[in-house]
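Single-structure report; data block below.
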Amino acid sequence: MTNARQPRLLSYSDRLSVAPSEPIEFKVSSLIPGEFTAEIVRLQHGDRNPEGPGFREHIIKSVASGQYPARAQDIDPGSFIRVDDPSDRLSLTGAFSLHAFVFPTTAEQPRQVVLGRYALDTETGYALEVGPEGVTLRIGDGTGSSVISTGDPLYGSCWYSVGATYDPQTRIGRVWAESVITSTNSLVASTVPISGPGNSEGTLDRELGVAPTPFLIAAANAGNRFEAHFNGKIERPAVWSRVLTDDEICALRDGSETRTHLVALWDFAADITSTGVTTDRVRDRGPWALHGTCQQGPARGMTGRLWLGVDERFTLVPSEYAAIHFHDDDLEDCGWDTDLTWTVPDDLPSGAYALRITQDDEVDRQPFFVLPPRGSATADVVLVIPTASYLAYANEHLAPGGAFAQSIFGQTPVLGASDLYLHEHPELGLSLYDLHSDGSGVHLSSLRRPIVNLRPDKRTSLGGPWQFPADLHLVDWLTEKGIEFDVVTDLEVHQEGVELLSQYQVVLTGSHPEYITRETLDAWEQYLTQGGRALYLGGNGFYWVTNWHPEKSHVIEVRRGESGIRAWQAQPGELHLQTNGERGGLWRWRGRAPQKLVGVGFATQGFDYSSYFVQTEDAAEPAVAFIVDGIKPDEKIGDFGLEGGGASGFELDRYDLTLGTPPGSRLLATSEGHSDNYPRVSEEVQFTMPHMGATMDYQARGDIVYFPTHNGGAVFSTSSIAWCGSLSHNDYDNNVSRMTENVIRRFLDNTPLSAEGSMPSTRP
Ligand SMILES: [Fe+2]
């Protein structure tokens with residue numbers, strides 16, 4: 001596994017889209033001594049498949065070009081809370097008590113700090129920990145530590161009340177763990193005994209040292225890193241500056257805390273608002289207002305020990321969601337120092353670009369998208385780059401990490417060097433297709449880290465490019481066809497809405513705009529209602545409820561619900577997004593099936609090979625003659641291409657009046673020839689039965705659909721991720737290219753696309 005050549009250059013930028021006169025920062029880490037060379041390149045085509053046009057980039061003269069000193073930069077993943085304590089109230093030297101409710105998810109992983117002020121590198125301070133010995137109180141004097149433990153490991157994914165007391169005069173410490181399981185809050189019911197409950201008292205033979213580090217919840221300081229991360233949920237952590245009495249300890253399990261000599265009590269529900277919990281602050285209810293700050297993006301809006309299983313909207317019952325879920329592999333921002341900041345020149349055309357860095361024989365390219373000047377358009381066509389979808393897939397471990405990949409792909413996954421690198425370097429963070437180290441699904445993804453599959457020439461383990469490099473197929477085709485276009489990203493559409501889109505006559509999607517925010521859907525819908533014209537040139541689009549973090553536009557959130565093709569599923573009660581409080585899952589289950597917007601919606605996926613489309617009788621209607629102009633009625637459409645060998649492949653969408661395909665839509669062509677590696681999507685499977693693959697199920701297919709909208713607008717949808725991979729075939733002279741060009745040219749003509757000769761279709 002380690003023979004493959006692995007990258008020694010890594011980079012990322014602080015943003016993916018930037019307008020002229022705005023700065024973009026690049027951060028580089030190099031394991032090669034010396035200097036690296038930086039250049040700005042305009043990207044045209046990334047796919048190195050010898051059947052296609054090959055890799056195409058153009059160097060842009062810029063002030064950013066030059067030599068820069070190389071240095072290695074580190075990544076320190078794992079979420080935790082850091083407490084601001086300017087008066088050193090938590091620098092305990094006398095007697096104290098510690099308490100929290102915990103729900104450990106890797107209960108037997110050694111040394112997981114629940115709370116404390118402890119320096120791991122010098123073994124100084126105090127910490128309450130969870131591990132193989134159960135609950136442990138650790139006291140360090142600067143040369144080593146003494147511990148007392150309950151002895152029996154906690155049972156994973158169950159709620160406990162855990163705590164410790166210590167008196168430096170007597171050096172007597174006490175630790176305890178008590179189950180607080182209810183019918184709904186834990187993995188198992190309270191009907192059976194589980195491991196973990198215990199109570200120990202003893203003498204700790206070291207002095208209590210004062211750690212020169214901050215007080216932390218869910219981690220401990222180790223020099224310039226944070227380690228000993230706790231995996232799982234923590235609720236109501238608290239500290240007192242005395243030893244609590246037996247009665248007071250008893251009362252803790254019911255959430256009744258004495259305030260006598262209370263130093264701090266953090267209430268994780270306090271900042272839940274009607275629109276989610278978006279602040280990093282965690283509020284201290286104690287006397288000194290020792291508020292904490294979340295680091296590296298732990299999960300909020302997670303069920304706590306009081307969750308009853310009745311309400312699942314955390315914004316309505318904050319007290320039942322007073323827990324934060326920490327992971328040792330959360331990564332929100334690598335926080336690297338900036339190597340170069342480049343201000344985009346006023347006259348740089350909108351498009352796809354990259355910072356290309358080279359050193360020795362290593363090359364890395366960090367892509368970014370140059371917008372037209374803010375508030376203006378410089379072309380009639382705009383390509384909306386689906387960066388939320390790029391982030392959903394960022395650093396995905398599906399092939400090397402998922403045992404199921406080979407079954408889904410229908411072929412042996414081919415791992416590249418960057419796949420192996422990811423496998424061996426989990427510190428680069430996870431995608432929304434991965435699980436955290438504790439088995440919970442990843443629902444937050446950030447662009448502020450090296451993303452090794454967000455590279456123009458990256459091929460996925462199933463053979464072809466995916467997402468960004470696949471979208472360059474379209475960038476290349478538009479360029480070669482001389483169709484002038486602007487580039488914006490879905491972040492701008494989310495932020496600026498229909499005002500942005502309505503500057504354009506024609507809007508294009510990429511190949512797989514799967515992750516969509518409510519604001520973006522609204523913008524598309526309003527644009528089309530106003531008479532906008534759209535080409536949806538992908539598959540499985542407009543599918544998952546997604547949100548950009550309102551205060552951190554480098555972070556997206558997705559909660560995967562009870563149905564849909566999904567890499568994981570949210571735990572009970574955890575389907576609502578922390579970044580806006582809204583229900584996650586598929587847009588279909590929020591009344592916004594993709595068919596309502598673009599006429600088609602997700603029907604099937606498969607990855608063994610791609611197929612082609614055949615025309616239906618609708619394609620012969622005069623109203624759509626412009627679309628098939630130059631294409632014979634019996635031609636197979638797209639029986640060629642760089643994505644699996646055909647234009648219909650990977651993920652396919654279907655026309656379906658029962659799901660909201662507009663009346664008056666024309667089903668121009670439908671795909672055939674798929675294997676049983678293309679089963680129908682799970683959200684449409686109510687009864688399981690044999691023979692659910694595409695050879696038997698006529699609804700497992702892709703459809704090319706056209707319909708006119710209000711005010712002379714129209715939508716053309718090709719329903720397949722593989723479509724754009726066929727555009728360049730035969731030197732761009734083919735029926736996929738022709739059909740796409742026919743539609744764009746007609747849409748660029750101002751003549752209204754009224755429902756010429758149209759009538760509502762009743763096709764099932
Ligand atoms: Fe997808």
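Indexing begins at 1, ligand by ligand and atom by atom, following the structure's order.
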Going by atom types only, do [X] and [Y] share a side-chain donor-acceptor pair under 3.5 Å?
X      : Y      : result
Tyr393 : Tyr433 : yes
His473 : Asp47  : yes
Thr740 : Ser737 : no
Trp589 : Ser563 : yes

Residues which pass side chain to side chain contact (heavy atoms under 4.5 Å, CB included) with Glu684, listed by chain and number, not counting sequence neighbours: Arg588, Arg654, Leu659, Arg680, Val681
Polar protein atoms (N, O or S) that approach the Fe ion (ligand 1) to under 2.8 Å: Tyr393 OH, His512 NE2, Glu514 OE1
His576 ring center near Phe314 ring center (under 6.0 Å): no
